Amino acid sequence: MYKFLNRDTFTEFIDDTMATEFISLDAETSSLDTLSCKFYLFQVMVNKQVYIFNAEEEGQELFTKIIDFIQSSGKTIIAHNAKFDLKVIYRFSNILLTNVFDTMIVEAVVNNGNRVKWASLAELAEAYALVLLSKEERQEFYAEDFDGVITNEMYTYACQDVMYLETIRNCQMERAEELKLTRVIDLEMKLVPVITSMEITGVLIDEKKWRQLEIIAREESEKCKNTLIDFFIEKVRIGDADSALEVVDTVKIKDINGKKNATGRVSVRKALELITDKDAIIDFFRTNLNVNSGSQLLVLLNRSGIPVKATNEKVLKKYRSKHVAVDMLLTYREWGKKISTYGLTFLESVHPKTGRIHSDFNQMGTQSGRFSSSKPNLQNIPAEKAYRECFIARKGYKIVAIDYSQQEYRLAGDISKDAVIIESYKNKVDMHTSTACILYNLKPEEVVKEQRNHAKTMNFAILYGTSDYGLAKTLGVTENEANAMKMKIINGYPRLFKHKEMMEEFVVNAKKSRTLLGRIRFFKTEDVYFDYEKAMAQIRREGYNHLIQGTAADMTKLAMLYVYNENPYGDKLRMLMPEHDEIVAEVKEDILDEGYGFICDMMIKAGDFFMKNIETVVEGTKGDCWTK
DNA sequence: CCAAATGGCGCC
DNA sequence: AAAGGGCGCCATTTGG
C-alpha cells in the first residue's frame, strides 16, 4: 500500500512525481507547536502511490533533498491546512514550499456562509471521496505515552491523510468553476505561503513595557473597584443587618469556597447571619461582592436608583454624568480589560524559542473574507499609544505600518459610481467632511471637528444599515430627528443609496453576495420560520456589507501578495501583521525609506486594481514601534 | 465537574 | 422586544 521514502526509493519517487500533476502531502508531529514539535512522518502521494518518510530515521539531509526536488518540480502541492505542514517542512528543510492548494481554505471559500465551522479532512473525505477516516489512530502521535515507535497500523493510517486529497481538490475545483470562484481561490492559494511566512516571522514585543502597563492597570482597577463598592454599600444601606440580608437575597452572590468542610461551600446567607457588627458586615460585602458579575451589578445599580436593564457601555453611557458609580464602573471595566486580555497572559504567547509572538492568521476567518487573528489576537490591540508602542522591531530594523485611507468609503463610492463621492475625493475632501457638508449645508472648509465627527457616526451607521431607532440612540436624538438626518444624507448621495438598495435586493433574491473579485457569501433563507422581515433585513445588511468589506479584504490581500512576490529586499523587508486595512512590516534601517515606499506602491497598485473612479490613498508611519 | 452559552468589550 | 458589519478573548453563569 505504501512505500518508505529513503535513499533507495528516492529515484522511484522522482519518477512518480514527474508522471503526475499533483503532490499530496502531510506531516505528523508530536504537537501543534511547529517551532518545537518533534517531526515524525512526512507522507506524500504522487501518481497514486503513497510514500512515507520517517524523519527520525532518515534524517534532515535527505529530507531537504526531497523538499528541494518537490519545490523545483513546479507541481501543485495539495494539503489540508497547508500552513501547518509548510511550517514543519520549513523548519526541517529551510525551504518554504509555494504553489499550494489548501483543501481547508478552499472549502471555506466555496461554501462561505454554508459552513458552520472548519471542515476537517475526515469530513471532506466523506463528502467528496465517500470514505470514512478513523480519527483515534492519528491522535497517537500526540499521545503522552507515545514512545516514538511507529507501528505498522500507524503507518497505514498515516496514508489516509494524503490518499484522498487529490479527489477532494478535484471536486472542490469543479464546484469553484461552476461558481466562478477560481480567481478568489487563486488569490487565497497564493496567499497561503505568504501568511505562513508571516506566522514564522512573528512579532517582537517589549515585555518590560508591557508589564509596566499591567501594573498600572492593576492599581487603577483596584482604586475604581474600591470606590465602586463603597458607593454601593452606602446607597444600598448595607450597614444595617436587615437590609444586608435583603441584599444578599436579591444580589446573587456566589457561595464562598470553603476550606474542605463537609459541603465544600458555605452559603453566603448563612455566613452573613452570623455577623452582627456593622463594620464586619460592610467588610463582608467588600470581600464578597463581585463587580465583574453582570447579574450582581444589575441589582446593585437598580437599588442605587439607576434603572438599567443591561450593564453594557451603550446603556450606561446615558447615566455617565448623572451617577459617579456609572462612570467609575465604566472606567473599572476599561482597566479590567487591560488586565485580563492585555495583561500578563498576553505575554504567554511569546514563544520561548524565538522570543517573538507567532499569532495565527486565519485568511478565511470571517464570512466577509477578512482575516481573523488568534492566539493571540493581534487585530484588537488597544489603539492607544502606550500599547501599540510595545510592538517593536528587531535590532537594526524599524516598524512600518501603512493603511488605506477610507478604504471602505472609497470603495462604496467607486462601486456605486456616486458622482458626489467621486467629486469629493477628487477634491481631496474625505467622506466624513463631505457628509458634514450635506448635513449642515456647508462648504468643506467651513466644517468644524464636531460636525465632522457627527457625520462620521452617520456615515458608519447608514452605510451598514442602522435603524432609525439605533441611530437615534447613538446620536442621542429622537427617532424622527435621526430619520430626517438620514434622509438628508441619502438625498445627498443619490447614486450610492440607489445602488445599495439594488444590491440588497439582489442579495435577497440570489441568496448570495459577491465582492468585486468574485468572493461569494451565501445566505440561508429556507430555515427562517419566524420574523421573516427581520431575517431579510439582516441579509440585506450582511449582503451589502459583504460587498464593501469583502472587496476591501480582497484589496488588502492582493496588496499583501504584491508585497511578498515583488519584494526586492529579501529578508530586509518582512510583513508582520494584516490589520484589515493596514499592513504592518519590519524593515531594515538601511532600506527604510525605499521599503516604506515600496509597500505604499504595492497597496496602491492593489487599490487601483479594484477602483477605477476614485484614487487609492495610503498613509502610514515608520519608526521604532507600531504607531497609528 | 467541565463545556457551552452569555454579556461585555478590545479592534477595523 | 430588538433594532449597524466583521472578529476573538475574558469572566461569569448556566446546563448537562
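Proteins come first, then strands; the chains are lettered A, B, ... in the order of their sequence lines, and each starts at number 1. As the structure is a computational prediction, the values presented were derived from the model and not from experiment.
- A:Arg540 comes within 4.0 angstrom of no nucleic acid atom, judged by non-hydrogen atoms across all strands.
- Look at the P atom in both B:dA5 and C:dG4: the space between them is 24 Å, to the nearest Å.
- Of the residues in residues 313-349 of chain A, those with a non-hydrogen atom less than 4.0 angstrom from any atom of DNA chain B are A:Glu313, A:Arg333, A:Glu334, A:Lys337, A:Tyr342.
- By the salt bridge (charged side-chain N to carboxylate O under 4.0 Å, His left out) test, A:Lys225 is found to be paired with no residue, residues two or more places apart in sequence or in another chain being considered.
- Annotation: C:dA2 and B:dG8 have their P atoms spaced 12 Å apart (nearest Å).
- Here the closest heavy-atom approach between residue A:Met198 and residue A:Met577 is recorded as SD-N, 4.0 Å.
- For the P atom pair drawn from B:dG7 and C:dA3, the interatomic distance equals 11 Å after rounding to whole Å.
- By the salt bridge (charged side-chain N to carboxylate O under 4.0 Å, His left out) test, A:Glu220 pairs with A:Lys223, sequence neighbours left out.
- Contacts with DNA chain C (heavy atom under 4.0 Å) in residues 289-300 of chain A: A:Asn290, A:Asn292, A:Ser293, A:Ser295, listed by number.
- No side-chain donor from either of A:Thr515 and A:Thr551 sits under 3.5 Å from a side-chain acceptor of the other.
- Looking at A:Glu199 and A:Lys83, a side-chain N of the basic residue comes within less than 4.0 Å of a carboxylate O on the acidic one, giving a salt bridge.
- Defined by atom type and a distance below 3.5 Å, a donor-acceptor pair is present between the side-chain atoms of A:Ser513 and A:His546.
- Within the nucleic acid shown, A:Glu579 comes within 4.0 Å of sugar-phosphate atoms alone, with no base atom in reach, counting heavy atoms only.
- For the pair A:Lys385 NZ and B:dC11 C1', the computed distance is 19 Å after rounding to whole Å.
- Residue-level contact check: A:Arg541 touches the backbone only, with heavy atoms under 4.0 Å from sugar-phosphate atoms and none from bases.
- For the pair A:Arg410 and A:Tyr404, the cation-pi test (distance below 6.0 Å, angle within 45°) is failed.
- Positionally, the nearest nucleotide of DNA chain C for A:Glu479 lies more toward the 5' end than for the other of A:Glu479 and A:Ser374.
- With salt bridges taken as basic N to acidic carboxylate O contacts below 4.0 Å, none links A:Arg320 and A:Glu313.
- No donor-acceptor pair closer than 3.5 Å links the side chain of A:Asp468 to the backbone N or O of A:Ala482.
- Residues passing the salt bridge (charged side-chain N to carboxylate O under 4.0 Å, His left out) test with A:Glu505 are A:Arg540, sequence neighbours excluded.
- You can see that DNA chain C meets the heavy atoms of chain A within a 4.0 Å-exclusive cut from C:dA3 to C:dT14, reading 5' to 3'.
- In this structure, A:Asn377 places its CG atom 14 Å from P of B:dG10, rounding to the nearest Å.
- The interatomic distance linking A:His580 (NE2) with B:dC11 (P) rounds to 12 Å, in whole Å.
- Between A:Phe231 and A:His323, a ring centre-to-centre spacing not shorter than 6.0 Å is recorded.
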